[in-house]
Every structure is written in C-alpha cells, then in structure tokens.
Amino acid sequence: MWVSGTTATDAQGKIVGLGDAYAQAVQTLQNIERALQKAGASLGDVVRTRMYVTSMADSEKVGRAHGEFFGKILPATSMFQVSAFISPEMLVEIEAEAVVGNG
C-alpha cells in the first residue's frame with residue numbers, strides 16, 4: 001500500500017502549522033495514519049517513508065516528529081530537500097509504503 005503526497009492539511013483542506021515544520025510533520029503523519037486505518041492498515045505495517053522538506057534547517061524538527069510516530073517501527077527512511085511544493089506555505093510532504101497481510 002502506498003500513501004503518497006501527504007501534507008499538513010486538515011479535514012477542510014487548510015494547511016495546519018503555518019511556518020512550523022514540526023507541527024506540519026505531525027499533522028502529515030496523522031493524515032498518513034488515518035489513510036492507513038481507512039485501508040485496514042496501521043503505522044506498524046509501514047516499511048518505508050520518504051520525507052520531503054523545503055529547508056534542511058527543518059530536518060531535525062521533521063525527524064523528531066517522524067521518530068515520535070515510527071520510533072519503535074523503524075521503517076527505512078529518506079529525507080530530501082526540494083525547492084517548493086504546490087503551496088508555498090507547505091514545508092513538509094511525506095510518503096509511506098506499507099505491507100499488509102504478509103503474515
């Protein structure tokens with residue numbers, strides 16, 4: 001299962017945590033968790049994540065949020081700096097890959 005292009009938006013599509021990479025990462029990870037649950041999976045099924053940030057100065061904040069969600073799961077993880085996202089207020093985007101029902 002792939003959860004891609006996930007950002008820090010709320011149920012109304014508004015960006016959460018303007019100017020705060022940590023808050024955006026937490027919201028993004030909560031969105032990933034909800035998407036997985038709707039598909040019958042959980043964070044424990046995640047085997048790989050990719051984090052995209054607009055500034056590597058935010059890498060520690062984003063990494064801290066990631067660790068709070070995946071600290072005991074330890075999926076393979078990469079972080080990349082990109083020049084921008086579709087909305088300039090977005091600081092973080094995260095993708096997750098999960099393997100479900102593998103016994």
Side-chain angles (χ1 to χ4, degrees):
M1 174 181 311
W2 290 267
V3 182
S4 66
T6 308
T7 59
T9 52
D10 63 16
Q12 291 73 41
K14 297 196 186 302
I15 299 169
V16 173
L18 293 176
D20 184 341
Y22 173 79
Q24 287 195 17
V26 168
Q27 179 67 40
T28 299
L29 291 161
Q30 289 171 342
N31 291 346
I32 288 172
E33 185 171 31
R34 275 192 292 281
L36 289 167
Q37 289 172 346
K38 285 181 182 179
S42 71
L43 291 177
D45 296 311
V46 173
V47 296
R48 178 160 180 62
T49 60
R50 291 177 187 86
M51 298 175 280
Y52 302 92
V53 296
T54 56
S55 172
M56 279 309 229
D58 291 330
S59 63
E60 188 174 317
K61 295 172 190 172
V62 175
R64 179 167 41 102
H66 186 275
E68 290 169 4
F69 282 78
F70 291 108
K72 294 183 188 221
I73 301 163
L74 301 175
T77 302
S78 302
M79 185 181 295
F80 306 92
Q81 181 174 329
V82 297
S83 60
F85 296 115
I86 195 163
S87 173
E89 292 87 11
M90 292 177 179
L91 305 174
V92 179
E93 183 174 304
I94 302 175
E95 300 177 342
E97 296 175 17
V99 176
V100 181
N102 199 21

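Positions are given from 1, in the same order as the sequence printed here. In this text the structure is predicted, and so the values were computed from the model without any measurement.
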> Not counting sequence neighbours, which residues clear side-chain contact (heavy atoms from CB on, under 4.5 Å) with S59? List them please.
M56, M79

> Once side-chain hydrogen bond (donor to acceptor under 3.5 Å, both in side chains) is applied, do any residues pair with S87, and if so which ones, sequence neighbours excluded?
E89

> How far apart are the closest heavy atoms of A41 and V100, and which atoms are they?
CB-CG2, 3.5 Å

> When rounded to the nearest 0.5 angstrom, what distance separates CD1 in I94 from NE2 in H66?
6.5 Å

> Strictly by ring pair (Phe, Tyr, Trp, His ring centres under 6.0 Å), give each pair with a member in residues 11-33 just once, sequence neighbours left out.
none

> Report the distance from atom CG of D20 to atom NZ of K61, rounding to the nearest 0.5 Å.
6.5 Å

> Applying ring pair (Phe, Tyr, Trp, His ring centres under 6.0 Å), which residue pairs with at least one partner in residues 23-49 are found, sequence neighbours left out?
none

> Who else is in the cluster with L18 when I, L, V, M, F, W and Y are joined by side-chain contacts under 4.5 Å?
I15, Y52, F80, V82, F85, I86, M90

> To the nearest 0.5 Å, what is the distance between CD on E33 and CD on Q37?
5.0 Å

> Can you list the steps and then say if E97 with R50 is a salt bridge (Lys or Arg N to Asp or Glu O under 4.0 Å)?
CA-CA 9 Å; E97 296 175 17; R50 291 177 187 86; 2.6 Å; yes

> Under the ring pair (Phe, Tyr, Trp, His ring centres under 6.0 Å) test, which residues partner F69, sequence neighbours left out?
none

> Quick check: closest heavy atoms across A96 and I32, and the distance to 0.1 Å?
CB-CG2, 3.9 Å

> Can you name the closest pair of heavy atoms from P75 and R48 and give their distance?
CB-N, 3.7 Å

> Can you name the closest pair of heavy atoms from A25 and A65 and give their distance?
CB-CB, 3.6 Å

> State, yes or no, whether a side-chain contact exists between L36 and D45 at a heavy-atom distance under 4.5 Å.
no

> Would a 4.5 Å heavy-atom cut-off, applied to side chains only, mark L43 and I73 as touching?
yes

> What pairs with E68 under salt bridge (Lys or Arg N to Asp or Glu O under 4.0 Å), at least two apart in sequence or on another chain?
none

> In the hydrophobic clustering (ILVMFWY, side-chain contacts below 4.5 Å, transitive), which residues join L74, or is it alone?
none

> Under the side-chain hydrogen bond (donor to acceptor under 3.5 Å, both in side chains) rule, collect the residues that match up with T77, sequence neighbours excluded.
T49

> So, using side-chain hydrogen bond (donor to acceptor under 3.5 Å, both in side chains) as the criterion, who are the partners of Q27 when residues are at least two apart?
N31

> To check you understand the geometry: which heavy-atom pair defines the closest contact between Q24 and G17, and what is its length?
NE2-O, 3.2 Å

> Return a table of donor-acceptor pairs under 3.5 angstrom between the side chains of residues 2-10 and protein atoms on other chains or two or more places apart.
residue : atom : partner : partner atom : Å
D10     : OD1  : Q12     : N            : 2.9
D10     : OD1  : G13     : N            : 3.1
D10     : OD1  : K14     : N            : 2.9

> Would you say the side chain of R64 lies within less than 4.5 Å of the side chain of E60, judging by non-hydrogen atoms?
no

> Just jot down the side-chain hydrogen bond (donor to acceptor under 3.5 Å, both in side chains) partners of Q81, sequence neighbours excluded, or say none.
none

